[in-house]
Amino acid sequence: MDSTSARASPFSSPKPAALLKKVVFTWSQETGLPASVCVRIHGKIFNLHMLPLISRSGYFKKALIESSSDVELPHSFPGGSETFEMVALFAYDSPLPLDPFNVSALRCAAEFLQMTEDHTSGNLCETSDLYLNQVVLQSWDDTLIVLQTCQTLLPMAEELLIVSRCVESLAFMACMEILDPEQRRDRPVPTLQALAGRPWDSEAVKEVAGQDLWIKDLIALPLQFFRRIIRSLRRQGMKEKYVSPIVVFYANKWVLSKKTHKFWENTAEEDGADTAGNKVSTILRGILELLPAANGAEIVPVTFYFALLSMSLALNLNDSIRLKLQDLVAYHLHLAQAEDFLLPDNRLQNIASSPELKTMERVVSIHVSSRNETTAANTSSTVAELWDIYLSQIAVDPKVGPDRFMKLIETVPMADRDTHDHLYKAINTFLSAHPWVSNEEKANLCSNINCQKLSQEACIQAVQDELMPLRLIIQALFVQQLHTQQAFKHCSESFRYLHCKEFSESIPSSTCQVPKIQKLNESPRNLAIGEEAPVVSLGSLMKEDLSMKGPAHGSKAENESTRFRIQALEKKLASLKHSLQNTSKGSVKTDLKTVSFRLFAMEGSAVARRNPFGHVSGCIGSLSWTAQRKYANRLLKVFRKIAMLGKGKSKVKQMASGHPDGSLSCRSKSLHEMHDC
């Protein structure tokens, strides 16, 4: 921007009044004519000569002809007595000290006094217009000064297009500021991206707005001028990502700032002006007209709309403004966070009857009823989750009854909830804060929970929750067992498809069978449909290996080590088989620590886990997903060790040659028999 500073105001030194007296006295001496015209304005009297006035002004020419030499200007004369002093100086052909502070008033006064080109060339109307166009409108600072001085000159300044010219000039220079590559190279245009996802902070927004002085200048303008500049910016092609933040910065300064409210309250007490609520209501209504209608979701953060809605409730603004804000919040609700939802500032007051809760209930209802088919799938589950989290904060109020809480739950359709974890937490919080609720009311509330939409952790917690009714606990137990079966099925499928190649040489399995013609290095996925695969046990493989290979010699230490390894594997397989048989029957063991030791002895962890309430789960379905995966991994490790025995062919040869009594064969046979069963 042009950083040319505004020239000094002519109201400083020298005073126009002193200059006028000197000029009038000089004129009287030079012409010998007395000052015969008396001009009255705002209680001041000016004795002037007739000839300079009628030669420049059509107003004085008509007034002096129709009446005596006494003329009184109306109270609405633009600029008052100070401006008339400068007009009189111009009439006496005295040099006129034009500057941005007085040019708009002089232009309006010249129009009022009809000082046009019809009376003389280079009259005050043309002189002031030339100064406006060639000097003022070329400078950002001078244009701002002229625009601000036009506040007291309306509507004449508007009729003379002074305001319009200033508005268009400021908008044009603002667009040039955005497009200037030199300015934007190291200092980008302020946006609201840094404020997204955080609670609204007026001071932080104020710091962002102050990064560019031209934005700071625009948001200091009165609403009537600011509104016209924003419309001109859009008309001249400035992108919405630059225009909308300016509107937000303006609203933050004049609507959301507590310092501004205090200033207005003090001003209203001193001079009886409008209250802060009336001024905020007027400005907020204008802001809502300037905000983007539907495409500002990515530009204006949703926390801004929540902040405006909260302020409208705090100042008790009229219903039309609140309804408009509710529609805006409902449109952007899927972009919000649970912390943005409105709650009373004083949490000790009655939340059930607070305007914040009623407003949020209305907003969610508007969102549910106004969504279309394209947005329902993307936003419904998000809004439902946010609403359930919000209900957890509402549930702590003891004055929220069961019927009222049920109505709040039903604000969002059950079909919109992809998960019921947050709904379960909200109902659990409500029951904890309302121990007097009857069993019938408790069952009615809990009937909204679908256990199939609970996560495994929430399902386990529901089983152990003493506040939940028996029917819900039974449903949760059933779903918990389904989770366990699915987990073991997943482990079985993973073993079959991912590790069948590695274990097909060593393990008999009904889920991973090797056909007769299949080679050891072929994948079991290549089996033809309907083709049967024979069961191959570990013992038969070892016998076949011993019969095909000749005798070999080895050390006694290696034979003993191999025999001990096979014994350990026999014990592990027997223990695992016993645990799997008990699991498949679906029985719940009373001595959970024994089963936990058998399953996870090498890991040092127990199956039984405590929930947040301190109870211990007593069924295998209470295993977490991590514990189930550890269980499956333990199976796979044992199978890998068995597979390694098939590969250690040299050691097997030594064992066969060093033990003619057939002890190794007996061990292999026992493994074979255990697998066959």
Side-chain angles (χ1 to χ4, degrees), residues 199 306 333 336-365 368 381-414 416-477 479-480 609-615 617:
F306 276 102
L333 191 60
Q337 297 181 357
E339 294 78 9
D340 300 330
F341 281 34
L342 301 183
L343 286 171
D345 293 335
N346 185 8
R347 299 295 178 87
L348 299 178
Q349 74 181 59
N350 187 3
I351 301 179
S353 60
S354 64
E356 287 80 5
L357 177 58
K358 296 179 181 178
T359 300
M360 289 309 307
E361 186 177 6
R362 169 69 177 166
V363 167
V364 175
S365 300
V368 172
S381 60
T382 302
V383 173
E385 184 175 351
L386 292 174
W387 182 245
D388 290 342
I389 297 175
Y390 179 70
L391 291 182
S392 299
Q393 305 177 59
I394 302 298
V396 297
D397 185 10
K399 296 183 180 179
V400 179
D403 295 338
R404 173 61 172 154
F405 196 70
M406 173 66 77
K407 185 179 179 181
L408 292 175
I409 292 176
E410 294 174 348
T411 303
V412 175
M414 288 298 167
D416 293 351
R417 293 178 166 93
D418 292 341
T419 175
H420 282 203
D421 285 9
H422 298 291
L423 178 61
Y424 163 75
K425 181 180 179 181
I427 294 178
N428 181 270
T429 304
F430 178 83
L431 296 178
S432 300
H434 301 75
W436 48 266
V437 174
S438 64
N439 292 332
E440 182 179 358
E441 292 172 335
K442 183 185 299 185
N444 191 25
L445 285 174
C446 295
S447 63
N448 295 292
I449 301 177
N450 186 355
C451 293
Q452 294 183 356
K453 291 187 176 182
L454 291 176
S455 65
Q456 189 172 8
E457 290 75 10
C459 191
I460 295 174
Q461 185 177 352
V463 170
Q464 302 162 352
D465 194 348
E466 297 179 351
L467 299 175
M468 294 294 108
L470 180 60
R471 183 176 181 179
L472 179 67
I473 294 177
I474 295 175
Q475 293 175 356
L477 276 171
V479 174
Q480 189 180 8
R609 300 176 65 186
R610 291 189 175 270
N611 64 5
F613 297 96
H615 303 291
S617 175

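Residue numbers start at 1 and run along the sequence shown.
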Nearest heavy atoms of [X] and [Y], plus distance in Å:
X	Y	value
Met468	Ala462	CG-O, 4.1 Å
Trp387	Met360	CZ3-O, 4.1 Å
Leu423	Asn448	CD2-O, 3.8 Å
Ala338	Gln393	O-NE2, 4.2 Å
His422	Ile389	ND1-CG1, 3.5 Å
Ala426	Phe405	O-CZ, 3.8 Å

Look at the side chain of [X] and the backbone N and O of [Y], then say whether any donor-acceptor pair between them is shorter than 3.5 Å.
X	Y	value
Tyr390	Leu342	yes
Asp421	Ser455	yes
Asp397	Ile394	no

Original post:
Partners of Ser353 by side-chain contact (heavy atoms from CB on, under 4.5 Å), sequence neighbours excluded?
Top reply: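 So Ser353 forms a side-chain contact (heavy atoms from CB on, under 4.5 Å) with Asn350.
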
Got a second to check how far [X]'s [atom1] is from [Y]'s [atom2], nearest 0.5 Å?
X	Y	atom1	atom2	value
Glu385	Asp416	CD	CG	12.5 Å
Ile449	Met414	CD1	CE	9.0 Å
Ser447	Ile427	OG	CD1	8.0 Å
Gln452	Thr419	CD	OG1	13.0 Å
Ser432	Glu466	OG	CD	10.5 Å
Ile460	Asp465	CD1	CG	13.5 Å

**OP:** Give a yes or no on whether Arg362 atom CZ has more than 12 heavy-atom contacts from other residues, nucleotides or ligands under 6.0 Å away.
**Re:**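 No, because the 6.0 Å sphere around CZ of Arg362 holds 12 heavy atoms or fewer from other groups.
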
Original post:
Is atom NZ of Lys453 surrounded by more than 12 heavy atoms (other residues, nucleotides or ligands) closer than 6.0 Å?
Top reply: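 Enclosed: over 12 neighbouring heavy atoms sit under 6.0 Å from NZ of Lys453.
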
Subject >> Sub-6.0 Å ring centroid separation between His434 and Phe430 >> reply: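 Yes, the ring centres sit under 6.0 Å apart.
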
May I ask you to test the [X]-[Y] pair for a side-chain heavy-atom distance under 4.5 Å?
X	Y	answer
Glu356	Leu343	no
Glu361	Leu408	yes
Cys451	Leu472	yes
Ile409	Arg417	yes
Leu477	Gln480	yes
Glu440	Asn444	no

**OP:** From the options Val364, Leu386, Asp388, select the one residue that forms a side-chain contact (heavy atoms from CB on, under 4.5 Å) with Val412.
**Re:**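 With Val412 as partner, side-chain contact (heavy atoms from CB on, under 4.5 Å) holds for just one option, Val364.
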
Subject >> Full working for side chain to side chain contact (heavy atoms under 4.5 Å, CB included) between Thr411 and Val368 >> reply: CA-CA 8 Å; Thr411 303; Val368 172; 5.8 Å; no

**OP:** Check step by step if side chain to side chain contact (heavy atoms under 4.5 Å, CB included) holds for Leu333 and Phe306.
**Re:** CA-CA 10 Å; Leu333 191 60; Phe306 276 102; 3.9 Å; yes

